[in-house]
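Some notes on the structure that comes next.
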2 protein chains.
Amino acid sequence: MTALMNRSATAPKETKAHRAILRVLEEDHAPLAETELRSRLLQRGVRVNKTTIYRQLAGLKERGAVKEVDFGDGKKRFESNDGEHHHHLVCTKCKSVDEVQLPGELVRLEKAISKNKKFKILDHALEFFGLCVNCK
Amino acid sequence: MTALMNRSATAPKETKAHRAILRVLEEDHAPLAETELRSRLLQRGVRVNKTTIYRQLAGLKERGAVKEVDFGDGKKRFESNDGEHHHHLVCTKCKSVDEVQLPGELVRLEKAISKNKKFKILDHALEFFGLCVNCK
DNA sequence: CATCATAATGCAACTCAGTTGCAATGTCAA
DNA sequence: TTGACATTGCAACTGAGTTGCATTATGATG
Ligand SMILES: [Mn+2]
Ligand SMILES: [Mn+2]
Ligand SMILES: [Zn+2]
Ligand SMILES: [Zn+2]
């Protein structure tokens with residue numbers, strides 16, 4: 001490619017960090033913060049700089065491979081974006097995270113809101129906090 | 001009071017900062033971050049240190065006068081806790097915030113979830129993002 | 001009103017998550 | 001094999017939020 005080329009849809013390069021991060025997220029299947037992801041990677045013998053992690057996650061996110069999740073603890077969390085759209089049950093005691101799907105429910109709600117509030121809903125954030133079966 | 005006294009339900013002292021902060025939150029009626037609150041206070045001629053603001057908000061929160069809200073932008077936001085429980089329609093373009101109530105809806109959802117997931121829901125976070133009537 | 005215990009404040013220094021500039025390294029198409 | 005350019009690591013930085021401590025203000029008590 002002789003310069004002056006295709007800038008869009010740049011395919012990600014197959015690097016060690018890229019592969020490892022994606023694999024951890026696919027296997028662990030929970031929203032992980034940078035430090036968590038980093039130590040998971042270390043456990044597998046892959047040492048990655050935090051800057052690289054953030055940059056990879058940003059790329060994975062805009063490519064739709066990963067979703068950002070917020071538990072309100074001031075940390076960015078990311079999870080694999082394979083399965084169906086769902087929400088989380090976060091145990092405030094042991095920090096475990098379970099998933100829950102609300103098929104149709106939110107869609108219906110959003111339609112109603114969009115209509116009578118004249119607000120075009122593009123996204124939502126819904127997470128539940130409480131005690132898991134082991135902690136309550 | 002001769003020391004060794006009532007430690008609970010400490011009534012807050014009537015200070016300039018306390019009054020001003022509460023008044024701004026009651027009037028502006030939107031979830032404000034520290035910097036926003038701080039400049040609103042300045043506009044009214046009240047200069048308050050950010051440490052004081054955070055400490056006041058913490059006190060107001062545990063006293064139930066204020067609620068913490070998270071828009072996922074890495075900032076703690078607080079709003080007056082007078083009205084009914086509600087959620088927000090946040091315009092991602094102009095940053096305006098509207099409110100929306102979902103009477104019963106969430107309660108019903110939570111009951112169903114609590115039952116078949118054996119998870120005791122104590123709280124939830126639900127905010128909507130999109131385009132307000134002026135921006136869409 | 002005067003006293004004074006103690007709550008509230010301001011400031012500086014700190015922590016911690018996340019970002020940026022830049023030089024060094026790695027990837028992959030040609 | 002080569003070279004353009006994407007990715008990485010590191011150090012320095014930003015910005016939100018917190019903490020220790022000395023100073024000031026509140027309000028209960030007498
Ligand atoms: Mn999930
Ligand atoms: Mn509100
Ligand atoms: Zn638990
Ligand atoms: Zn708008």
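Every chain is numbered from 1, with letters handed out A, B, ... down the list of sequences. All figures in this text were calculated on a predicted structure; none of them were measured in a lab.
Residues satisfying the side chain to side chain contact (heavy atoms under 4.5 Å, CB included) criterion with B:Asp73, sequence neighbours excluded, are B:Phe71, B:Lys75, B:Arg77. Legend: residues meeting side chain to side chain contact (heavy atoms under 4.5 Å, CB included) with A:Ala20, ordered by chain and number and at least two apart, are A:Leu41, A:Val46. Residues forming a side chain to side chain contact (heavy atoms under 4.5 Å, CB included) with B:Glu105 (at least two apart in sequence, or on another chain): A:Arg108, A:Leu109, B:Leu102, B:Arg108. Not counting sequence neighbours, the partners of B:Glu14 by the side-chain hydrogen bond (donor to acceptor under 3.5 Å, both in side chains) test are B:Arg19. Under the side-chain hydrogen bond (donor to acceptor under 3.5 Å, both in side chains) criterion, A:Asp82 pairs with A:Ser80, not counting sequence neighbours. Shown here are the salt bridge (charged side-chain N to carboxylate O under 4.0 Å, His left out) partners of B:Lys117, two or more places apart in sequence or in another chain: A:Asp98.
Rounded to the nearest 0.5 angstrom, B:Leu60 CG and B:His18 NE2 are separated by 4.5 Å.
Following rounding to the nearest Å, B:Lys75 (NZ) and C:dA17 (P) show an atom-to-atom distance of 18 Å. Spacing between atom CG of A:Asp73 and atom C1' of C:dG18 amounts to 14 Å, rounded to whole angstrom units. Taking atom CD1 on A:Ile21 and atom P on D:dT7, their separation rounds to 12 Å, with Å as the unit. For the pair A:Leu22 CG and D:dT7 P, the computed distance is 14 Å after rounding to whole Å.
B:Arg47 comes within 4.0 angstrom of the backbone, heavy atoms only, and of no base.
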Under 3.5 Å, side-chain donor or acceptor atoms of residues 49-59 of chain B against the rest of the protein: list the pairs with distances, not counting sequence neighbours.
residue : atom : partner : partner atom : Å
B:Asn49 : OD1  : B:Thr51 : N            : 2.8
B:Asn49 : OD1  : B:Thr51 : OG1          : 3.0

Would you list the atom pairs, donor with acceptor, under 3.5 Å between side chains in residues 123-136 of chain A and any protein atom, with sequence neighbours excluded?
residue  : atom : partner  : partner atom : Å
A:His124 : ND1  : A:Glu110 : OE2          : 2.3
A:His124 : NE2  : A:His85  : NE2          : 3.1
A:Glu127 : OE1  : A:His88  : N            : 3.0
A:Glu127 : OE1  : A:His88  : ND1          : 2.9
A:Lys136 : NZ   : B:Lys118 : O            : 3.1

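Of the residues in residues 54-64 of chain A, those lying under 4.0 Å from DNA chain C by heavy-atom distance are A:Tyr54, A:Arg55. For the segment residues 28-44 of chain B, the set of residues with a heavy atom within less than 4.0 Å of an atom of DNA chain C is empty.
Apart from B:Leu42 itself, the hydrophobic cluster it occupies contains nothing, where clustering links Ile, Leu, Val, Met, Phe, Trp and Tyr at side-chain heavy-atom distances under 4.5 Å.
Position along DNA chain C of the nearest nucleotide to A:Thr51 versus B:Thr51 favours B:Thr51 as the more 5'-ward residue.
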Please enumerate all protein N or O atoms sitting under 3.5 Å from an N or O of nucleotides 25-27 of chain D, with distances to 0.1 Å.
residue : atom : partner : partner atom : Å
D:dT26  : O2   : B:Lys13 : NZ           : 2.8
D:dG27  : OP1  : B:Glu14 : N            : 2.9

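When all heavy atoms of A:Ser39 and A:Glu36 are compared, the pair lying nearest together is OG-O, 3.0 Å.
Here the nucleotide nearest the side chain of B:Thr52, chosen from C:dT9, D:dT19, D:dG9, is C:dT9.
The base of D:dG17 sits within donor-acceptor range of the side chain of B:Lys50, with an N or O pair under 3.5 Å.
Between A:Asn49 and D:dC10 there is a side-chain polar atom (N or O) within less than 4.0 angstrom of OP1 or OP2.
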